[in-house]
Amino acid sequence: MPQHLSLVSILVDDYDQAIQFYTRKLGFDLKEDTPQGDKRWVVVAPPGSHESAILLAKASKPEQQALIGGQGAGRVWLFLQTDDFWSDYQRMLDGGVQFLEQPRVESYATVVVFQDLYGNKWDLLQRT
């Protein structure tokens, strides 16, 4: 049976602020927002993504809250691949996304590091 990675969970401190960042600043689609008692099942994904998405998980314990923004231990650990780097970069820049460097052309891709609302580091990249 074929397998694929369907969800990656990112710790957040507020569902609505996280939804706003991912949908308005990154242009992701809100796939699901279902109440589950005092929590919610909130899933966002890049437009056109059919197999992978992000679960926005509200931290509920102090040890989880301490990891908000630090799940990658200071490294880039999320990779947003595009087929139109410069348009996506400009749209995100205009939307207020914080980039940590200038875009660069590497042998494998055009790439730039940005951070999300919580400080998680991402690569925006277009493969060569």
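Below, all heavy atoms of this structure are taken into account, side chains as well, without hydrogens, waters or symmetry copies.
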Got more than 12 heavy atoms from elsewhere within 6.0 Å of CH2, Trp77?
yes
What ring-ring contact (aromatic ring centres under 6.0 Å, His included) pairs are there with at least one residue in residues 13-37, not counting sequence neighbours?
Tyr22-Phe28
Which pairs count as ring-ring contact (aromatic ring centres under 6.0 Å, His included) when at least one residue sits in residues 108-128, sequence neighbours excluded?
Phe99-Phe114, Phe114-Trp122
Return the [atom1] to [atom2] distance between [X] and [Y], rounded to the nearest 0.5 Å.
| X | Y | atom1 | atom2 | value |
| --- | --- | --- | --- | --- |
| Leu55 | Glu32 | CG | CD | 9.0 Å |
| Tyr89 | Gln126 | OH | CD | 14.5 Å |
| Leu56 | Leu7 | CG | CG | 10.0 Å |
| Phe85 | Gln90 | CZ | CD | 10.5 Å |
| Ile10 | Leu78 | CD1 | CG | 5.0 Å |
| Asp88 | Leu26 | CG | CG | 10.0 Å |

Kindly write out the residues that satisfy side-chain contact (heavy atoms from CB on, under 4.5 Å) with [X], not counting sequence neighbours, or none if the list is empty.
| X | answer |
| --- | --- |
| Gln115 | Gln98, Leu100 |
| Gln3 | none |
| Ser107 | none |

Is the shortest side-chain heavy-atom distance between Gln102 and Val112 below 4.5 Å?
no
Same apolar cluster (I L V M F W Y, side chains within < 4.5 Å links), Val113/Leu80
no
Spell out, yes or no, whether Ile54 and Leu125 are grouped together once hydrophobic residues are joined by side-chain heavy atoms under 4.5 Å, including indirect joins.
no
Hey, is the main chain of Asp16 close enough, under 3.5 Å, to the side chain of Asp14 for a donor-acceptor pair?
yes
Is it true that a side-chain atom of Lys25 and a backbone atom of Gly95 form a donor plus acceptor pair closer than 3.5 Å?
yes
Scan the side chains in residues 43-52 for donor-acceptor partners under 3.5 Å anywhere in the protein, sequence neighbours excluded, and list what turns up.
residue : atom : partner : partner atom : Å
Ser49   : OG   : Ser52   : O            : 2.7
His50   : NE2  : Gly48   : O            : 3.2

Side-chain donor-acceptor pairs under 3.5 Å in residues 67-76, sequence neighbours left out?
residue : atom : partner : partner atom : Å
Gln71   : OE1  : Leu11   : N            : 2.6
Gln71   : NE2  : Ser9    : O            : 3.2

Partner set under side chain to side chain donor-acceptor pair (under 3.5 Å) for [X], not counting sequence neighbours:
| X | answer |
| --- | --- |
| Asp33 | Arg40 |
| Gln20 | none |
| Thr23 | none |
| Asp84 | Ser87 |

With side-chain contact (heavy atoms from CB on, under 4.5 Å) as the test, would you mind laying out the steps for Thr128 and Val105 before giving the verdict?
CA-CA 9 Å; Thr128 303; Val105 177; 6.0 Å; no
Less than 4.0 angstrom from a charged side-chain N to a carboxylate O is my criterion; do Asp94 and Arg91 meet it?
no
Tell me every residue that passes salt bridge (Lys or Arg N to Asp or Glu O under 4.0 Å) with Asp116, counting only those two or more places apart in sequence or in another chain.
none
